[in-house]
There are 2 protein chains.
Amino acid sequence: MQFSFRMPVAVQILLCIAKFDGVFKTTSTFLASSVNINPVIIRNTLGQLKAAGLVKVAAGVGGAKLTKEPKDITLKEVFQAVEEDEDLFHIQDNPNPQCPVGRNIHRLLGSRLSLVKEHMLSDFADITLAELLDDIEKSE
Amino acid sequence: MQFSFRMPVAVQILLCIAKFDGVFKTTSTFLASSVNINPVIIRNTLGQLKAAGLVKVAAGVGGAKLTKEPKDITLKEVFQAVEEDEDLFHIQDNPNPQCPVGRNIHRLLGSRLSLVKEHMLSDFADITLAELLDDIEKSE
DNA sequence: TCTCATTGTAAATAATGGTATTACAATGAG
DNA sequence: CTCATTGTAATACCATTATTTACAATGAGA
């Protein structure tokens with residue numbers, strides 16, 4: 001069980017937009033060739049990032065730009081842009097209400113697992129695009 | 001995107017075994033009626049918990065028992081018993097090696113996301129079965 | 001205004017994985 | 001030996017992800 005590759009793809013898109021800003025026009029086809037994935041998936045993902053206010057996309061002429069500085073974009077925003085806001089775990093819908101365990105399981109696990117997810121999001125909030133870009137520069 | 005209900009089901013199974021120990025024989029059918037799920041899923045999950053050393057199952061005669069005290073069983077063990085040990089996110093396999101972003105994306109995200117997963121596991125390690133059982137008692 | 005590369009989006013398809021269910025041999029206490 | 005139960009394989013169904021084709025809408029530049 002693992003998350004889909006939407007978030008990693010979104011991160012790669014944003015890094016490419018930042019890195020090639022002013023050098024290449026970052027069209028969906030251009031971005032697709034970095035990720036090695038179908039351009040339609042890039043366009044859909046860009047749509048989600050646009051809806052989240054992280055990028056501007058030039059319809060018609062093509063290309064995308066960040067709306068903020070890389071230091072102000074965190075993986076938390078990216079994650080929330082491309083993943084649904086739902087519980088980390090699926091808890092069985094209809095446990096037996098006559099069983100003391102069954103009738104309490106949602107309450108028991110719900111809050112504790114929500115907390116785990118919040119921790120995960122705050123971990124993501126500590127990772128910025130700028131940090132990743134720096135890391136790339138260093139390795140060149 | 002969310003984890004399957006395997007972990008919540010496993011937790012419910014373990015709680016029932018602990019709670020009804022000595023009172024009812026905790027067969028797969030009995031446990032299935034608490035979770036309201038097919039008994040085969042219970043048997044498969046019990047098999048995973050047994051492989052992880054958390055329970056003993058009496059083949060033939062039926063019923064399951066914990067091998068440790070509830071205070072010594074954490075959700076981390078349960079999670080690892082029923083979920084595969086894999087990365088939290090799926091990163092695209094063949095990014096473009098000619099792109100500075102593409103050829104670094106695995107290195108960039110790999111270690112950072114592993115850390116996030118480790119944090120998640122250590123959150124799970126802080127939740128014990130005993131704590132959940134206490135919580136049930138209080139609400140009775 | 002026309003052109004044309006590009007975006008936005010729908011639709012069809014394939015692949016994957018989780019969940020549900022049936023079936024039955026193996027188990028082991030009584 | 002009996003019988004309820006476990007262990008496990010096989011199958012089917014469904015939801016979601018990922019892939020791909022197709023095409024109307026966009027909008028800068030000629």
Side-chain angles (χ1 to χ4, degrees), chain A residues 1-10 12-13 16-17 20 24-33 35-52 55-65 79 81-95, chain B residues 1-10 12-13 16-17 20 24-33 35-52 55-65 79 81-95:
Chain A
M1 196 58 222
Q2 61 183 174
F3 287 99
S4 72
F5 62 30
R6 278 205 292 269
M7 204 263 269
V9 165
Q12 191 166 348
I13 288 173
C16 282
I17 293 174
F20 296 115
F24 294 106
K25 187 165 71 162
T26 50
T27 66
S28 63
T29 307
F30 174 83
L31 295 168
S33 80
V35 185
N36 197 21
I37 208 177
N38 194 288
V40 173
I41 296 176
I42 300 289
R43 294 207 282 272
N44 288 336
T45 305
L46 273 175
Q48 293 179 299
L49 294 172
K50 186 173 67 171
V55 299
K56 282 180 302 192
V57 182
V61 58
K65 297 222 175 296
F79 178 86
V82 298
E83 293 283 347
E84 287 206 41
D85 181 23
E86 62 190 346
D87 290 338
L88 203 50
F89 285 84
H90 176 208
I91 301 180
Q92 178 72 355
D93 289 328
N94 308 304
Chain B
M1 196 57 226
Q2 62 183 173
F3 285 98
S4 72
F5 64 32
R6 277 204 291 272
M7 204 263 268
V9 165
Q12 192 166 346
I13 288 173
C16 282
I17 294 174
F20 297 116
F24 293 106
K25 186 164 73 161
T26 50
T27 66
S28 63
T29 306
F30 174 84
L31 295 168
S33 80
V35 185
N36 197 20
I37 207 178
N38 195 287
V40 174
I41 296 175
I42 300 289
R43 295 208 280 275
N44 288 335
T45 305
L46 273 176
Q48 294 180 296
L49 295 172
K50 187 172 67 169
V55 300
K56 282 179 302 193
V57 182
V61 60
K65 297 219 176 296
F79 178 86
V82 300
E83 292 283 348
E84 288 208 39
D85 180 25
E86 63 190 348
D87 290 340
L88 202 52
F89 285 84
H90 175 207
I91 302 179
Q92 177 73 353
D93 288 329
N94 309 304

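If you're wondering where the values come from, they're calculated on a predicted model, not measured in any experiment. Lettering of chains follows the sequences in order, A, B, ..., and the numbering in each one begins at 1.
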Sequence-distant partners of [X], side-chain hydrogen bond (donor to acceptor under 3.5 Å, both in side chains), two or more places apart:
X	value
A/Arg6	none
A/Lys65	A/Asp21
A/Lys25	none
B/Thr45	none

**Report entry** First-last contacting nucleotides on DNA chain C - partner chain A, under 4.0 angstrom, heavy atom
**Finding:**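 So the outermost contacting nucleotides come out as C/dA5 to C/dT19.
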Contacts of [X] that satisfy side-chain contact (heavy atoms from CB on, under 4.5 Å) - sequence neighbours left out:
X	value
A/Glu86	A/Glu84, B/Met1, B/Gln2
A/Ala51	none
B/Thr26	B/Ile17, B/Phe20, B/Phe30, B/Leu31, B/Ala64

Query raised in the report: Tell me, what's DNA chain C's dot-bracket, Watson-Crick or G-U with both distances under 3.5 Å, | for other-strand, [ ] crossing?
Result: ||||||||||||||||||||||||||||||
Requested in this report: Residues of residues 25-32 of chain A with any non-hydrogen atom less than 4.0 angstrom from an atom of DNA chain D: list those, numerically ordered, please.
Outcome: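 Contacting residues: none.
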Report task. Check DNA chain D against residues 40-47 of chain B and give the residues with a non-hydrogen atom under 4.0 Å, in numerical order. Result ->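 Per residue number, the list reads B/Val40, B/Arg43, B/Asn44.
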Expected rows: protein N/O vs nucleotides 12-17 of chain D N/O, under 3.5 Å:
none

Query raised in the report: Parallel, tilted or perpendicular: which describes the rings of B/Phe79 and A/Phe89, with under 30° parallel and over 60° perpendicular?
Result: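 If you compare the ring of B/Phe79 with that of A/Phe89, the planes turn out perpendicular.
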